[in-house]
Amino acid sequence: MKMTVIGAGAWGTALAIAFSRQHEVTLWGRDAAQMVDMQANRLNRRYLPDCPLPDKLHLSADLSEAVMGVELVLVVTPIAGLRPTLKELARLKVDAPLLWACKGFEAGSSLLPHQVVAEEFPRLKTVGVLSGPSFAKEVALGLPAAVSLASENYGFARDFARELHSPLLRIYANDDLVGVEVGGAVKNVMAIATGVADGLGFGMNARAALITRGLAEITRLAVALGGSQQSMQGLSGVGDLILTCTGALSRNRQVGLKLAEGKSLADILTELGHVAEGVPTAREVLKMAERLEVDMPITAAVCELLYHQATPQSVVESLLGRTPKPEFGQA
Ligand SMILES: NC(=O)c1ccc[n+]([C@@H]2O[C@H](COP(=O)([O-])OP(=O)(O)OC[C@H]3O[C@@H](n4cnc5c(N)ncnc54)[C@H](O)[C@@H]3O)[C@@H](O)[C@H]2O)c1
Ligand SMILES: O=P(O)(O)OC[C@H](O)CO
């Protein structure tokens, strides 16, 4: 299959490397100088420095050339870049099947990625999300991983999951687009919270409690938005939540660890040099939760920390001081 990956950050580069083992792949990046550097060194020195690019992977900074005649477009920008990218693709009259791998809720509109896609490409029915527990570096190095490909058009999800599947990147079809997107978006908020707890030295019991209560929170929101509870037990639910809350490679977890050290958010993000989607998404998730009257105390605590100058200690104390409730149900 001839396909183009849009977005030459860590994840776009990793997916381009992985899919170029079986397919004819072009990786497009918006920064022409970076693409020249990648071509010269056959390495993404800025975003994925330890992972050489395969010889057969094409690189491009010319979007119209990159998408010409392709059978699949895979958008791997941060969620903030999804709508502008789609507008460009629409301007170029691209009508190829479309996948995206962005995780988050769009800032301002609080829309999930598939809702943004529906607004920009209302007639395209071969669309879906690729999401799951997958650190870019491990996928690029050819270590095994498994992700979901979800679409409301299950035939499309099944056919493209089969086409893209490989032993090293196993792809499972799913028809629960909402559940898969909510899981992928909100686990980043939980990873910030877990990073804070770990950074404060609260220990492994607290970490397990946060992950489990985080899953309860994610599940309540996913179900309120029309997602399925079953997906929360899958790759894009508990799978991605565990990976991101515990894995040292997680940028969102790193944000939490550094907040616990007392660093400012601005300094942390500058030092990180990558996107941490949990930061903008936390605010959108809380807005959505309030609108739908879904109880999301961990998300609220993360927002206090990120946006209202609360200290990590005070946020943890207020979470621990909450009135106990039944483990299941919203009583
Ligand atoms: N890195 C991972 O391990 C991983 C795994 C799964 C999913 N994701 C998701 O993939 C998305 C991209 O993450 P990443 O890790 O590649 O981020 P990154 O910070 O490594 O790189 C971001 C890339 O996006 C580009 N970009 C930013 N805004 C853009 C825009 N408006 N148009 C085009 N390009 C734009 C930047 O130039 C850069 O190349 C995020 O939503 C992330 O949650 C990442
Ligand atoms: O590094 P993070 O925290 O953005 O997480 C990367 C992936 O989403 C993990 O599946």
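Both ligands and their constituent atoms are indexed starting at 1 by order of listing.
Contact between A80 and ligand 1 is absent, with no heavy atom of the residue lying under 4.0 Å from the ligand. Using a 4.0 angstrom heavy-atom cutoff, R46 does not count as in contact with ligand 1. Ligand 1 lies out of reach of G7, whose nearest heavy atom is not under 4.0 Å from it.
Near K103, the atoms of ligand 2 lying under 4.0 angstrom from a non-hydrogen atom of the residue are 7 (C), 8 (O), 9 (C), 10 (O). Below 4.0 Å from some heavy atom of T244 lie the following atoms of ligand 2, by number and element: 3 (O), 5 (O), 9 (C). Under a 4.0 Å criterion applied to the non-hydrogen atoms of L243, ligand 2 contributes the atoms 9 (C), 10 (O). Within ligand 2, counting atoms from 1 as listed, the ones closer than 4.0 Å to a heavy atom of P133 are 10 (O). Those atoms of ligand 2 that come under 4.0 Å of a heavy atom in S250, given as number and element, are 1 (O), 2 (P), 3 (O). Below 4.0 Å from some heavy atom of A8 lie the following atoms of ligand 1, by number and element: 39 (O). Within ligand 2, counting atoms from 1 as listed, the ones closer than 4.0 Å to a heavy atom of G132 are 10 (O). Heavy-atom contacts of A101 reach the following atoms of ligand 1: 7 (C), 9 (C), 10 (O) (cutoff under 4.0 Å).
Protein heavy atom in closest approach to atom 3 (O) of ligand 1: A136 N, 2.8 Å. The single protein non-hydrogen atom nearest to atom 10 (O) of ligand 2 is D240 OD1, 2.6 Å, given as residue, atom name and distance. Of the protein's heavy atoms, G81 CA, 3.2 Å lies nearest to atom 31 (N) of ligand 1. The protein heavy-atom contact nearest to atom 12 (C) of ligand 1 is V76 O, 3.6 Å. When hydrogens are left out, the protein atom nearest atom 5 (C) of ligand 1 is S134 O, 3.0 Å; that is the closest non-hydrogen contact. Annotation: atom 13 (O) of ligand 1 to nearest protein heavy atom, V275 CG1, 3.8 Å. Here the heavy atom of the protein found nearest to atom 21 (O) of ligand 1 is G9 CA, 3.2 Å. Of all protein heavy atoms, the one closest to atom 24 (O) of ligand 1 is P78 CD, 3.1 Å. Ranking the protein heavy atoms by distance from atom 11 (C) of ligand 1 puts T77 O, 3.5 Å first.
Note: F19 and H23 have perpendicular aromatic rings, judged against thresholds of 30 and 60 degrees for the angle between ring planes.
In this structure, R283 forms a cation-pi arrangement with Y307, its terminal cationic atom sitting closer than 6.0 Å to the ring centre and no more than 45° off the ring axis.
At a 4.0 Å heavy-atom cut-off, ligand 1 touches H274 through backbone and side chain alike. The backbone and the side chain of N252 each have at least one atom closer than 4.0 Å to an atom of ligand 2 (non-hydrogen atoms only). At a heavy-atom cutoff of 4.0 Å, ligand 1 is contacted by both the backbone and the side chain of A10. At a 4.0 Å heavy-atom cut-off, ligand 1 touches R251 through the side chain alone.
The nearest non-hydrogen atom to atom 7 (C) of ligand 2, considering only E277, K187, H274, R251, comes from K187. When the heavy-atom distances from atom 29 (C) of ligand 1 to K187, K103, R30, Q34 are ranked, the shortest goes to R30. Closest heavy-atom approach to atom 8 (N) of ligand 1 within the set Y47, F135, W100, W11: this belongs to W11.
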**Message:** Please evaluate residues E181 and S131 with respect to the criterion side chain to side chain donor-acceptor pair (under 3.5 Å), reporting the C-alpha separation (whole Å), side-chain torsions for both, the decisive distance (0.1 Å), and the verdict.
**Reply:** CA-CA 7 Å; E181 285 191 335; S131 187; over 6 Å; no

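Taken to the nearest 0.5 Å, the CG atom of L143 stands 5.5 Å off from the CD atom of E138.
V139 is connected to V147 through a chain of hydrophobic side-chain contacts under 4.5 Å among Ile, Leu, Val, Met, Phe, Trp and Tyr, so both are in one cluster.
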